[in-house]
Amino acid sequence: MSSISRRSLLRLAGLGAAAGTAGLAGAKASGDAGQPYNAMTHAAHTMGPVGRVDTASFDPAVFTRAFNFSHLSDEEREGFYRETPRPDGTKLREYQLIAADREIEIAPGIFFPAWTFNGQVPGPTLRATEGDRVRVTFVNAGSHPHTIHFHGWHPPEMDGSLPEHQVQPGEKFVYEFDADPFGVHLYHCHAVPLKRHIHKGLYGVFIVDPKTPRPPADELVMVMNGFDTNFDSDNEVYAVNTVAHHFMHEPLKVEIGALVRVYLVNVTEFDLVNSLHLHGMFFDLYRTGTSLTPGERTDTVMLCQGERAMLETRFRYPGKFMFHAHQSEFAELGWMGMFEAVEGRRAT
Ligand SMILES: [Cu+2]
């Protein structure tokens, strides 16, 4: 399937929609000859590949709400993350990140030969508080030289960007710096050619919380990414959190009236910008998450590659609310999903 082209996938997506709604469109056409177009218009919201991705090794929904390996059992987590209080009230946070080649399923039956952090794309979400010490032991178990480049303040030798920073296959390097400033950041491989190393899957989210915590909220991580399955420097599949259309099939459950906070990061390669548009409501926008007061209230945010933002909102009405890239082609190729707002405590 790796030779599938962008255009043929787009056609597949269209076929999925047509197959799924043929009956509806037909019924409309026979009952009311003037209305069949409406049926197709609504059907566009359910388009996408037929079938499901196996979520046993990577579940986008679990990724969305996992911070510092919180999705693992205590015993498993210990192998990748440890936090130790320090006398000044801050914490030492120690991580183990491992680069490894792995084939991942990005749409039903479509596999991508990824380079991963800890076997997943995006890599695990790391989270510290402003002033904490972050120590990341990076092991390169992959087949190419890699690095980790963190966004945030750090000395040049921790930048993971220059030829002398390359970590060769089989070797390791320890990155260490203080978490600063608070905000929504990211980490990614900075080996050359950069666009290949990032696009292959070596990226993740790095959140730094302010010293005075933000109000409690239902927090979600959304990484806008794309996959060039035939290596023509153009993406054939787009998604939020890797699996095309996943949240169309499995809406993200949120609670009516509760504060919802989204950490949104754009790592899409080959396209100049990406965006998120939320239907039926507005959100407060904190660009880069580096302020405690929102800069804007909107329903659409556009981000360049490497840009990120924090979004806060409360769902007012019960039911499903679509979110998607406002670049229609990205949406049709996988970058669309649903929230489902429910009364009381959300069922996850
Ligand atoms: Cu790399």
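What's counted below: heavy atoms across the whole structure, side chains too, no hydrogens, waters or symmetry copies. First listed ligand is number 1; within each ligand, the first listed atom is number 1.
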Have a look around the Cu ion (ligand 1) and list protein N/O/S atoms under 2.8 Å, or say none.
His146 ND1, Cys189 SG, His197 ND1
Is the CZ atom of Arg297 crowded by more than 12 outside heavy atoms at less than 6.0 Å?
no
Would you confirm whether the ring centroid of His324 sits within less than 6.0 angstrom of the ring centroid of Tyr238?
no
For residues Phe173 and Ile148, determine if any side-chain heavy atom of one lies less than 4.5 Å from a side-chain heavy atom of the other.
no
If you measure only the distance, is there a donor-acceptor pair under 3.5 Å linking the side chains of Ser275 and Gln327?
yes
Flag the pair Phe150 / His185 as yes when their ring centroid distance falls below 6.0 Å, and as no otherwise.
no
Centre-to-centre under 6.0 Å for Tyr187 and Phe117, is that the case here?
yes
